[in-house]
Amino acid sequence: MLKNLFSKSKKRVVYSPVSGNLVKLTEIEDEVFSTGMMGQGFGIIPANDEIKSPVKGRITAVFPTKHAITIKADAGFDVLLHMGLDTVELNGEPFEVFVKKNQVVEVGDKLATMNRYLIQEKKKSSVVLVLLPELEDKGLIIENPGVEVTVGMEIGNIK
């Protein structure tokens, strides 16, 4: 069963940044992500607009178009949090970011909001992707793809 763990953990764990429906990366309708070219990970079809940190770590980049944030997890791996598909084309319009480079974050800290309705109005997908670009193949174990998750739930752990 999925656990809601905003507590400290010694495991190398990735948590849900948003509530919604958990989907396998292979189900994402974008070849760059679904084939693993950007690393392993998972997607969540969001049920709300608030995006929280999936790991404890330090912000390493906030993209100028606000659609993506990178984090260096304290556990030693990199995370790319990507909000929507092809949303770079929206030049930041549907996003508000609440963190900056070098800021330390805890699991569950608010990183950003995204206007899902505006994204969908612009004919883009609002799926939120959590990618681990440097992780070797099969290094991330996803607990229960296809289920409804809430923000802060343990989604997977890293071998």
Side-chain angles (χ1 to χ4, degrees), residues 2 4 6 13-73 77-135 137 140 142-156:
L2 295 173
N4 193 342
F6 279 119
V13 174
V14 180
Y15 300 91
S16 176
V18 65
S19 296
N21 186 32
L22 179 63
V23 294
K24 292 179 183 180
L25 212 51
T26 55
E27 296 174 15
I28 302 300
E29 294 182 9
D30 184 303
E31 189 176 329
V32 170
F33 298 116
S34 66
T35 61
M37 291 195 318
M38 293 296 292
Q40 291 189 59
F42 57 89
I44 298 176
I45 299 168
N48 60 48
D49 292 346
E50 197 167 90
I51 310 300
K52 299 197 175 184
S53 183
V55 294
K56 178 181 178 183
R58 181 177 303 277
I59 303 295
T60 53
V62 176
F63 286 57
T65 51
K66 304 179 194 173
H67 76 289
I69 298 170
T70 59
I71 306 167
K72 179 69 165 186
F77 56 92
D78 292 317
V79 176
L80 170 60
L81 186 64
H82 195 282
M83 296 172 277
L85 298 179
D86 298 323
T87 51
V88 68
E89 299 168 4
L90 302 178
N91 294 313
E93 183 182 0
F95 307 107
E96 185 174 358
V97 176
F98 300 98
V99 293
K100 60 185 184 226
K101 186 175 179 179
N102 294 319
Q103 183 174 334
V104 173
V105 293
E106 298 286 333
V107 173
D109 284 356
K110 186 176 181 179
L111 301 180
T113 56
M114 57 187 268
N115 184 330
R116 292 174 294 137
Y117 301 107
L118 179 59
I119 292 169
Q120 292 163 358
E121 186 178 283
K122 302 281 186 177
K123 307 289 189 233
K124 308 291 182 193
S125 169
S126 62
V127 65
V128 175
L129 301 170
V130 177
L131 304 162
L132 306 164
E134 298 172 355
L135 198 60
D137 191 34
L140 176 67
I142 305 293
E143 299 298 334
N144 290 308
V147 301
E148 292 294 317
V149 297
T150 57
V151 67
M153 280 186 164
E154 183 177 324
I155 300 300

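The figures here come from the full heavy-atom set of this structure, side chains too, leaving out hydrogens, waters and symmetry mates.
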Testing the basics here: between [X] and [Y], what is the closest heavy-atom pair and its distance to 0.1 Å?
{"X": "Val79", "Y": "Val130", "value": "CG1-CG1, 3.9 Å"}
{"X": "Lys110", "Y": "Val99", "value": "O-CG1, 3.9 Å"}
{"X": "Gly43", "Y": "Ile28", "value": "CA-CD1, 4.3 Å"}
{"X": "Val107", "Y": "Lys56", "value": "CG2-N, 3.5 Å"}
{"X": "Phe42", "Y": "Tyr15", "value": "CZ-O, 4.2 Å"}
{"X": "Val62", "Y": "Lys101", "value": "CG2-N, 4.5 Å"}

- Message: Taking side chain to side chain donor-acceptor pair (under 3.5 Å) as the definition, give me every residue that meets it alongside Ser19, ordered by chain and number, with sequence neighbours left out.
- Response: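 If we apply the side chain to side chain donor-acceptor pair (under 3.5 Å) test to Ser19, skipping adjacent residues, there are no hits.
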Measure the spacing between [atom1] of [X] and [atom2] of [Y] and express it to the nearest 0.5 Å.
{"X": "Ile155", "Y": "Ser16", "atom1": "CD1", "atom2": "OG", "value": "4.5 Å"}
{"X": "Asp86", "Y": "Asp30", "atom1": "CG", "atom2": "CG", "value": "6.0 Å"}
{"X": "Glu50", "Y": "Thr113", "atom1": "CD", "atom2": "OG1", "value": "7.5 Å"}
{"X": "Thr87", "Y": "Glu93", "atom1": "OG1", "atom2": "CD", "value": "12.0 Å"}
{"X": "Ile51", "Y": "Glu96", "atom1": "CD1", "atom2": "CD", "value": "12.5 Å"}
{"X": "Asp49", "Y": "Ile119", "atom1": "CG", "atom2": "CD1", "value": "7.5 Å"}

Considering only heavy atoms from C-beta outward, does the side chain of [X] approach that of [Y] to under 4.5 Å?
{"X": "Val88", "Y": "Phe63", "answer": "no"}
{"X": "Pro46", "Y": "Arg116", "answer": "yes"}
{"X": "Val127", "Y": "Leu85", "answer": "yes"}
{"X": "Ile45", "Y": "Leu22", "answer": "no"}

- Could you give all pairs that pass the side chain to side chain donor-acceptor pair (under 3.5 Å) test and reach residues 119-131, with sequence neighbours left out?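 Residue pairs passing side chain to side chain donor-acceptor pair (under 3.5 Å), neighbours aside: Glu89-Lys124, Gln120-Ser126.
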- Task: Test Leu80 against every option in Leu131, Ile69, Thr60, Leu132 by the side-chain contact (heavy atoms from CB on, under 4.5 Å) rule and name the one that passes.
- Result: Leu131
- Item | Residue of the set Ile44, Leu81, Leu25 for which side-chain contact (heavy atoms from CB on, under 4.5 Å) holds with Leu129 |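 Only one option passes, and that is Leu25.
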- Query: Hey, mind stepping through Val18 and Met114 against side-chain contact (heavy atoms from CB on, under 4.5 Å) and telling me if it holds?
  - Reply: CA-CA 11 Å; Val18 65; Met114 57 187 268; over 6 Å; no
- Query: What's the verdict on side-chain contact (heavy atoms from CB on, under 4.5 Å) for Leu111 and Val105, showing C-alpha distance, side-chain angles and the deciding distance?
  - Reply: CA-CA 9 Å; Leu111 301 180; Val105 293; 4.0 Å; yes
- How would you list all residue pairs meeting ring pair (Phe, Tyr, Trp, His ring centres under 6.0 Å) that involve residues 80-124, not counting sequence neighbours?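 Residue pairs passing ring pair (Phe, Tyr, Trp, His ring centres under 6.0 Å), neighbours aside: Phe33-His82, His67-His82.
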